[in-house]
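Please read the structure below before turning to the comments.
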There are 2 protein chains.
Amino acid sequence: MKQSTPAAEDYLKTIYGHTEWQPEPITPSVLAARLGIAPSSVTEMVKKLAASGLLRHVPYGPLTLTPAGLLAATAVVRRHRLIETWLVRDMGYHWDEVHEEAEILEHSISDRLLDAMDARLDRPAHDPHGDPIPAADGSVAREPAILLAQATAGHSGRVLRISDRDSAILRDLAADSIGPGSALTVIEPPGTTNLLCVRLPDGQIRQLSPAAAGLIWVSA
Amino acid sequence: MKQSTPAAEDYLKTIYGHTEWQPEPITPSVLAARLGIAPSSVTEMVKKLAASGLLRHVPYGPLTLTPAGLLAATAVVRRHRLIETWLVRDMGYHWDEVHEEAEILEHSISDRLLDAMDARLDRPAHDPHGDPIPAADGSVAREPAILLAQATAGHSGRVLRISDRDSAILRDLAADSIGPGSALTVIEPPGTTNLLCVRLPDGQIRQLSPAAAGLIWVSA
DNA sequence: TTAGGGGTTTCGGTTTGCCTAAATATTTAC
DNA sequence: GTAAATATTTAGGCAAACCGAAACCCCTAA
């Protein structure tokens with residue numbers, strides 16, 4: 001069992017990320033699309049990860065993490081989210097700008113430096129997008145949340161998390177003063193226009209694209 | 001001209017480092033030894049770097065940086081030294097522990113994050129070992145220094161820099177309360193024992209190995 | 001002045017991680 | 001229930017960066 005490469009870490013992290021907020025296990029083609037690489041490349045790496053005992057995979061079937069794989073994946077996610085938190089709290093970044101930087105640093109930071117950051121930030125429980133930061137032992141404190149895109153009219157709640165996958169959307173949301181912690185109420189779900197209307201605490205109305213509503217999770 | 005890989009950055013940084021405190025250009029075999037790789041691997045990479053206009057090299061001759069190569073090299077050195085300074089000032093590292101961490105992070109940090117660090121640290125001029133931090137334009141403020149190993153008996157001066165190449169020696173020196181800024185006087189140069197004796201301001205005497213004396217630079 | 005010998009380069013080979021194209025398996029849709 | 005569409009895997013290739021072994025260059029010392 002050798003230590004993982006940046007590429008392997010990205011696979012594990014992405015597989016983990018897919019099941020973090022929904023139960024369906026990920027398939028090779030979806031994983032390939034998420035990573036932006038060819039499906040055949042996924043087949044190859046999956047074979048290696050399965051051989052190392054990090055992944056379970058029956059040919060033509062979906063991918064699931066073994067306990068060892070889950071631990072490795074949460075370790076990467078922990079690094080990613082602590083780095084994002086540090087970028088915002090110490091280095092003057094905004095919450096919609098940290099993803100790319102963390103994406104790279106998560107593969108280079110040592111355990112020691114990570115712990116120094118964690119201590120310095122006072123062991124934060126959530127990153128700037130509202131995602132829970134896994135503990136060093138791999139445990140994650142998850143709060144029940146529903147996707148804004150699936151909320152019914154009249155639903156009221158707090159924004160718990162906004163997926164950091166698409167920075168352009170994050171910037172738009174930040175410009176609309178919607179961020180983790182924002183309270184909002186669904187006025188009407190997507191109708192003919194496909195846009196979802198929400199009201200902010202100050203009474204202002206915002207129209208959200210389906211893409212945006214698919215990234216926002218609110219309290220149930 | 002594509003952007004450099006971590007490997008290429010290490011070559012350029014090492015070539016630069018060799019001439020920073022002495023004039024002789026580096027040869028392929030010395031470069032290979034410094035990088036801990038085979039000479040044949042150096043030949044290959046040197047060809048690529050020369051083709052990109054970063055290096056001058058006539059077959060069987062020494063290696064010199066072009067202006068473009070010098071700029072690329074000082075950019076890496078700048079990243080390395082700013083990261084070291086940050087690790088000490090913000091993250092609770094000691095000056096003898098930062099090298100390995102910086103060695104990795106120097107290849108992953110973005111320009112933006114580097115500038116945020118630089119600003120946060122108040123644009124420092126020297127790293128924790130006393131080495132000058134190159135400016136963003138590649139310029140370096142170098143102070144005249146002589147190698148302790150070559151100082152004559154009676155020479156008095158301040159420790160300006162201690163090369164960070166060997167962490168074991170750095171730890172020994174730190175344990176002996178010798179670090180950048182320390183004042184010291186050479187009592188006698190290496191004699192039969194090969195050890196160099198220096199006196200500290202408080203009157204204490206230290207014996208330094210030739211290896212240690214070859215890493216310490218004092219004011220002239 | 002020529003024979004070593006040490007430094008340098010060439011050559012073929014390895015690993016990692018990606019690719020495209022083609023083959024194969026599975027699912028869906030009629 | 002079979003044919004078309006879709007998903008997955010296999011096969012062959014490529015680039016980066018390394019290796020060891022063998023060939024080559026050059027300088028020096030007898």
Side-chain angles (χ1 to χ4, degrees), chain A residues 1-16 18-19 22 24-65 69 72-73 76 103-104 106-108, chain B residues 1-16 18-19 22 24-65 69 72-73 76 103-104 106-108:
Chain A
M1 167 132 61
K2 12 161 241 221
Q3 73 134 44
S4 351
T5 61
E9 289 182 348
D10 282 337
Y11 279 78
L12 294 172
K13 178 187 60 173
T14 306
I15 294 167
Y16 173 82
H18 187 263
T19 39
Q22 60 154 71
E24 314 298 325
I26 199 169
T27 60
S29 53
V30 170
L31 180 53
R34 282 259 187 122
L35 291 170
I37 62 180
S40 56
S41 306
V42 168
T43 302
E44 243 180 66
M45 178 65 91
V46 159
K47 262 191 284 194
K48 286 185 217 165
L49 294 174
S52 319
L54 298 169
L55 226 53
R56 263 182 297 264
H57 180 231
V58 293
Y60 297 94
L63 308 168
T64 56
L65 294 168
V76 180
E103 201 68 16
I104 295 176
E106 67 189 3
H107 302 300
S108 343
Chain B
M1 167 130 62
K2 24 162 231 223
Q3 73 134 42
S4 351
T5 62
E9 289 182 347
D10 281 336
Y11 279 77
L12 294 172
K13 179 187 60 172
T14 305
I15 293 167
Y16 174 82
H18 188 263
T19 38
Q22 60 152 76
E24 313 298 325
I26 199 170
T27 61
S29 53
V30 170
L31 180 53
R34 282 258 187 119
L35 291 170
I37 62 180
S40 57
S41 306
V42 168
T43 302
E44 241 179 68
M45 179 64 91
V46 159
K47 261 191 286 195
K48 285 186 220 165
L49 294 174
S52 317
L54 298 168
L55 226 53
R56 264 181 298 263
H57 180 231
V58 292
Y60 298 96
L63 309 168
T64 55
L65 294 167
V76 180
E103 200 67 18
I104 295 176
E106 67 188 5
H107 302 300
S108 344

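Each chain gets a letter, A, B and so on, in the order its sequence line appears, and its residues count up from 1.
- Residues A:L49 and A:A8 share a closest heavy-atom pair of CD2-CB, 3.9 Å.
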Got a list of protein N/O to nucleotides 25-28 of chain C N/O distances below 3.5 Å?
{"from": "C:dA25", "atom 1": "O4'", "to": "A:Y60", "atom 2": "OH", "distance (Å)": "3.3"}

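- Rounding to the nearest 0.5 angstrom, the gap separating the CD1 atom in A:I104 from the NE2 atom in B:H107 is 13.5 Å.
- At whole-Å resolution of the value, CG in B:L55 and P in C:dT8 are 14 Å apart.
- Taken to the nearest 0.5 Å, the OG atom of B:S52 stands 13.5 Å off from the NZ atom of B:K47.
- A straight line from NE2 of A:H107 to P of C:dT16 spans 17 Å, rounded to a whole angstrom.
- For residues 3-12 of chain A, every residue pair satisfying the salt bridge (charged side-chain N to carboxylate O under 4.0 Å, His left out) rule, not counting sequence neighbours, is listed here: A:E9-A:R79, A:D10-A:K13.
- We find that CD1 of A:I37 is positioned 14 Å from C1' of D:dT9, with the value rounded to whole Å.
- B:L35 contributes atom CG, which lies 8.0 Å from atom CD1 of B:I15 (distance to the nearest 0.5 angstrom).
- Between the NZ atom of A:K47 and the C1' atom of D:dA11 there is a distance of 10 Å, given to the nearest Å.
- Side-chain N/O atoms of B:Y11 include one lying less than 4.0 angstrom from OP1 or OP2 on D:dC18.
- The stretch residues 25-35 of chain A comes close to DNA chain D through A:T27, A:P28, A:S29, each having a heavy atom under 4.0 Å from the strand.
- Residues passing the side-chain contact (heavy atoms from CB on, under 4.5 Å) test with A:H18, sequence neighbours excluded: A:Q22, A:I26, A:V30, A:R34.
- In this view, B:E44 satisfies the side-chain contact (heavy atoms from CB on, under 4.5 Å) rule with no residue, not counting sequence neighbours.
- Interatomic distance, B:T64 OG1 to B:H57 NE2, rounded to the nearest 0.5 Å: 9.5 Å.
- At a threshold of 4.5 Å between non-hydrogen side-chain atoms, the residues B:L12 and B:L65 count as touching.
- Nearest heavy-atom pair across B:P28 and B:G61 is CD-O, 3.7 Å.
- We find that NZ of B:K48 is positioned 15 Å from P of C:dT9, with the value rounded to whole Å.
- Looking at residues 38-46 of chain B, you'll see B:P39, B:S40, B:T43 sit with a heavy atom under 4.0 Å from some atom of DNA chain C.
- For the residue pair A:Y11 and A:S41, the shortest heavy atom distance occurs at OH-O, 3.6 Å.
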